[in-house]
Amino acid sequence: MWKLWLKICGAHRSDDQTEAAGVSEFFIPRMTRSFFLRAGIVAVAAAVVFGFILRPCFIDGGSMLPNWPEKGFTFCFKWRYLFAPPQRGDVVVVRYSSRVFFLKRVVGLPGDTVAFFRGRLIVNGKVVKEPYVKYISNWNLPPRQVSPGHFYVVGDNRSQHISAHKFGQVRASRIIGAPVF
C-alpha cells in the first residue's frame, strides 16, 4: 500500500528536475491517471471531513462579544457531544434553522432552575460566577425550570436589553457541536 502511495505521489515529478519545470507542473499538472486519482482522494476526504466532522460557520452577530468576534469564521466540531452531553459553561453551536446557527453558552442543564436578577445569573438558587461576561447588564428574568432533554443557552454579551437577545431553552438535538477556535 505504501509503495502504491509513493508511486501516486511521485507521478507528478518531471524528468527535468529544474525549478522552473517543478513550479510550472505544480500550477499546471499533467492530466494523467494518477493526477485524477489524487484529485479524487482529496475530494472524497474533503467531503467526509466537511460533511460529517467539521462544519464551516461564519459568525455574524455580537451576542458572544468580547470572547468571540462579531464578524468571524470558525469550524463546528460535530462529534464534540457524540458521547457526552454539553456541560455548564460550554460554548455550543445551536441550529436555529436549516442555514442559520447561533453560537451560545450553556448556562442551564436539564432539571436546573435558571433566573437573572439585576444582571446576575442564578442557577438552582445560587449566583453563578461568569468570568466570561465582560459587560454589565440589568437583566431580570423570573426563575424557570429547564425541561428534560433541553439546555438553557445565552450569549456572553449581556450589555443590550434582554428583549434584544435570542436565548432560552433549546432541545439537545438542536445543539450540533462546539466551535473549534
Side-chain angles (χ1 to χ4, degrees), residues 42-181:
V42 169
V44 168
V48 167
V49 168
F50 295 117
F52 299 104
I53 301 170
L54 296 174
R55 181 183 185 103
C57 294
F58 293 97
I59 300 170
D60 187 19
S63 72
M64 292 297 287
L65 285 173
N67 302 315
W68 293 85
E70 190 169 355
K71 301 275 187 196
F73 176 81
T74 188
F75 286 101
C76 171
F77 182 49
K78 294 171 130 184
W79 291 3
R80 171 66 174 92
Y81 300 114
L82 191 61
F83 300 111
Q87 299 300 308
R88 189 176 289 112
D90 286 357
V91 176
V92 296
V93 178
V94 179
R95 185 180 68 248
Y96 182 69
S97 67
S98 64
R99 303 200 78 199
V100 178
F101 301 90
F102 290 146
L103 201 59
K104 298 292 179 185
R105 188 172 302 272
V106 174
V107 296
L109 304 175
D112 284 350
T113 301
V114 178
F116 285 96
F117 182 69
R118 294 185 182 166
R120 295 180 189 242
L121 172 66
I122 301 168
V123 177
N124 298 327
K126 297 177 183 173
V127 176
V128 176
K129 292 183 181 180
E130 297 181 290
Y132 43 82
V133 175
K134 305 291 185 222
Y135 303 122
I136 300 170
S137 71
N138 59 353
W139 290 16
N140 288 311
L141 187 71
R144 48 193 68 197
Q145 188 165 16
V146 182
S147 303
H150 289 71
F151 292 89
Y152 204 89
V153 298
V154 66
D156 290 350
N157 182 3
R158 314 242 178 100
S159 62
Q160 297 175 326
H161 191 269
I162 195 168
S163 63
H165 281 266
K166 288 185 175 32
F167 68 96
Q169 290 191 59
V170 295
R171 285 190 313 266
S173 61
R174 294 184 84 82
I175 295 176
I176 65 163
V180 175
F181 53 84

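Judged by distance alone, with hydrogens and angles left aside, the side-chain atoms of K78 form a donor-acceptor pair with the main-chain N or O of G51 at under 3.5 Å. In this structure a side-chain-to-backbone donor-acceptor pair under 3.5 Å is missing from H150 to G168. D112 places no side-chain N or O within donor-acceptor distance of the main-chain N or O of V123, the cut-off being under 3.5 Å.
Atom-to-atom distance recorded for R120:CZ and S137:OG is 10.0 Å, nearest 0.5 angstrom.
In this structure, the ring pair (Phe, Tyr, Trp, His ring centres under 6.0 Å) partners of F116, at least two apart in sequence or on a different chain, are W139.
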Audit row: F75, F73, ring-ring contact (aromatic ring centres under 6.0 Å, His included) steps and yes/no: CA-CA 7 Å; F75 286 101; F73 176 81; 5.0 Å; yes
Test side chain to side chain contact (heavy atoms under 4.5 Å, CB included) applied to Y81 and D90, step by step: CA-CA 11 Å; Y81 300 114; D90 286 357; 3.1 Å; yes
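For the residue pair I59 and T74, the shortest heavy atom distance occurs at CD1-CG2, 4.2 Å. In plain terms, the two heavy atoms of V91 and A178 that are nearest each other are O-CB, 3.7 Å.
At least one side-chain heavy atom of F77 sits under 4.5 Å from a side-chain heavy atom of I53.
Note on ring orientation: taking the six-membered ring where Trp is involved, the planes of F167 and Y152 are perpendicular (angle over 60°, cut-offs 30° and 60°).
Within the structure, the salt bridge (charged side-chain N to carboxylate O under 4.0 Å, His left out) test picks out the following pairs touching residues 155-176 (sequence neighbours left out): R105-D156, E130-R158.
Heavy-atom neighbours of Y96 OH from other residues, nucleotides or ligands within 6.0 Å: at or below the threshold of 12.
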